[in-house]
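Shown next, in structure tokens, is the structure this report addresses.
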Amino acid sequence: MLLPAHHSRDIERKPEYLQPEKCAPPARPGPAGTMWFIRDGCGIACAIVTWFLVLYAEFVVVFVMLIPSRDYVYSVINGVVFNLLAFLALASHCRAMLTDPGAVPKGNATKEFIESLQLKPGQVVYKCPKCCSIKPDRAHHCSVCKRCIRKMDHHCPWVNNCVGESNQKYFVLFTMYIALISLHALVMVGFHFLHCFEEDWTKCSSFSPPTTVILLILLCFEGLLFLIFTSVMFGTQVHSICTDETGIEQLKKEERRWAKKTKWMNMKAVFGHPFSLGWASPFATPDQGKADPYQYVV
């Protein structure tokens with residue numbers, strides 16, 4: 001069944017432009033186990049800053065607030081909770097950054113591949129003129145990654161990668177855990193200020209009072225900023241998953257050409273089948289299923 005294409009998609013549907021002989025041969029696949037990593041200066045800098053800010057929060061929480069505390073139970077409980085959330089946040093960041101987001105094989109717009117699709121009369125395929133790839137439905141080209149990404153939501157410099165079909169779970173977990181440690185840090189900063197006002201400032205921290213105040217204020221500012229930012233991103237991503245509409249599709253107001261599913265089915269498609277604690281783990285890889293070769297065809 002032929003479906004109309006939306007006028008705003010960055011694709012070329014006219015058969016005369018689909019000339020595989022003008023495409024360079026596809027790049028040789030890298031060795032097995034090759035790590036996905038985008039060599040973008042801005043993205044690498046943002047990723048380093050992200051880790052630095054998390055480690056700064058770790059330093060202030062542990063060495064300024066918890067270790068000097070006389071309440072051993074308070075320090076242990078909050079230390080375990082904060083460090084666990086921070087570890088999960090950084091693990092999610094690594095998985096989001098180093099996981100192939102769903103890149104389409106580059107330079108596969110060859111005569112042999114098109115013939116293997118066994119097109120019927122009237123059927124056409126999408127070709128990306130930028131990376132010379134046969135583009136599946138709902139895929140978009142990323143100018144930073146220089147690849148077409150399946151179900152691309154957006155390119156995030158903070159994880160130095162696109163958020164797409166295969167790594168959206170890790171990006172959602174990253175925003176969730178960053179929001180949680182930001183909230184946790186803000187609560188602890190509030191309690192620590194109250195404690196220091198009631199007690200002698202020289203006894204509530206291993207650092208001098210001016211240094212302690214500066215470190216806590218910086219952590220408070222960082223926590224508040226990232227709590228707002230990541231909470232909004234988390235809510236936006238969950239809404240995008242539930243409606244099964246990526247950020248680019250919403251921005252371009254693309255016509256829906258795919259089957260509508262329930263919100264629960266959309267969540268399971270991203271986080272895995274069935275529902276389990278693995279949904280909250282950045283180490284559990286969701287089952288995405290095998291790619292359908294006819295997803296390239298309309």
Can a donor-acceptor pair be found, under 3.5 Å and without considering hydrogens, that links the side chain of Ser240 to the backbone of Thr236? no
Does either side chain, that of Trp36 or that of Asn161, offer a donor lying less than 3.5 Å from an acceptor on the other one? yes
For Gly278 against Lys169, the heavy-atom pair lying closest together: O-NZ, 2.8 Å
Keeping the roles fixed (side chain from Asn160, backbone from Cys46), state whether a donor-acceptor pair exists under 3.5 Å. no
Rounded to the nearest 0.5 angstrom, the CD-OG1 distance for Gln237 and Thr230 is 12.0 Å
With hydrophobic residues grouped by side-chain heavy-atom distances under 4.5 Å, do Leu98 and Ile38 end up in a single group? no
Decide side chain to side chain donor-acceptor pair (under 3.5 Å) for Arg95 and Thr285; before the verdict, give the C-alpha distance in whole Å, the side-chain angles of both, and the deciding distance to 0.1 Å. CA-CA 10 Å; Arg95 291 301 302 272; Thr285 303; 3.2 Å; yes
Using salt bridge (Lys or Arg N to Asp or Glu O under 4.0 Å) as the criterion, list what pairs up with Asp244, not counting sequence neighbours. Arg138, Lys151
Please check: side-chain N/O of Thr246 versus main-chain N/O of Asp153, any donor-acceptor pairing under 3.5 Å? no
Count the heavy atoms of every other residue, nucleotide or ligand shown that sit under 6.0 Å from CG of Leu194, and state whether that count exceeds 12. yes
Among His155, His154, His93, find the residue that satisfies the ring pair (Phe, Tyr, Trp, His ring centres under 6.0 Å) test when tested with Phe171. His154
Look at atom CZ of Phe87 and say whether more than 12 heavy atoms of other residues, nucleotides or ligands are closer to it than 6.0 Å. no
Would a single hydrophobic cluster contain both Val62 and Leu180, if residues Ile, Leu, Val, Met, Phe, Trp and Tyr are joined by side-chain heavy-atom contacts under 4.5 Å? yes
Are more than 12 heavy atoms, taken from residues, nucleotides or ligands other than Phe283, located less than 6.0 Å from that residue's CZ atom? yes
Hey, does Val104 have a side-chain heavy atom less than 4.5 Å from the side chain of Arg150? yes
Nearest-0.5 Å distance that lies between atom CE in Met97 and atom CE in Met35: 8.0 Å
Could you measure the distance from the CZ atom of Phe226 to the OG1 atom of Thr175? Nearest 0.5 Å is fine. 12.5 Å
Ignoring hydrogens and geometry, is there a side-chain-to-backbone donor-acceptor pair from Ser133 to Pro105 under 3.5 Å? yes
Identify the heavy atoms of Pro282 and Tyr170 that sit nearest to each other, and give their distance. O-CE2, 3.5 Å
Please report the interatomic distance CD1(Ile48) to CH2(Trp51), rounded to the nearest 0.5 Å. 11.0 Å
Scanning both residues in full, the closest heavy-atom pair of His141 with Lys130 reads CD2-CD, 3.5 Å
Closest non-hydrogen atoms of Ala86 and Val54, given as atom of the first, atom of the second and distance, are CB-CG1, 4.4 Å
Can you confirm whether more than 12 heavy atoms, excluding those of Phe37, are under 6.0 Å from its CZ atom? yes
Quick check on His273: does its NE2 atom have over 12 non-hydrogen neighbours (other residues, nucleotides or ligands) under 6.0 Å away? yes
When rounded to the nearest 0.5 angstrom, what distance separates NZ in Lys127 from SG in Cys148? 11.5 Å
In terms of heavy-atom contacts, Cys162 and Asn167 come closest through O-ND2, 2.8 Å
Asp100 side chain to Ala103 backbone, donor-acceptor under 3.5 Å: yes
Taking only distance into account, with no hydrogens and no angle test, what donor-acceptor pairs under 3.5 Å do side-chain atoms of residues 211-218 form with protein atoms, sequence neighbours excluded?
residue : atom : partner : partner atom : Å
Thr211  : OG1  : Ser208  : OG           : 2.9
Thr212  : OG1  : Ser205  : OG           : 2.9
Thr212  : OG1  : Phe207  : O            : 3.4
Thr212  : OG1  : Ser208  : O            : 3.0

Phe275 and Trp279 aromatic ring geometry - parallel, tilted or perpendicular at 30°/60° bounds: perpendicular
Any chance you could measure Met267, atom CE, to Cys242, atom SG, to the nearest 0.5 Å? 5.5 Å
Out of curiosity, does Tyr72 fall in the hydrophobic cluster containing Met65 (side-chain heavy atoms, cut-off under 4.5 Å, transitive links)? no
With clusters defined by side-chain heavy atoms of hydrophobic residues (ILVMFWY) lying less than 4.5 Å apart, directly or transitively, does Leu173 cluster with Val270? yes
Below 3.5 Å, can you tabulate the donor-acceptor pairs from side chains in residues 181-192 to any protein atom, sequence neighbours excluded?
residue : atom : partner : partner atom : Å
Ser182  : OG   : Ile178  : O            : 2.7
His184  : NE2  : Asn78   : OD1          : 2.8
His192  : NE2  : Cys204  : O            : 3.1

Counting N and O atoms only, with roles assigned by atom type, does the side chain of Ser75 sit under 3.5 Å from a partner on the main chain of Asp71, one being a donor and the other an acceptor? yes
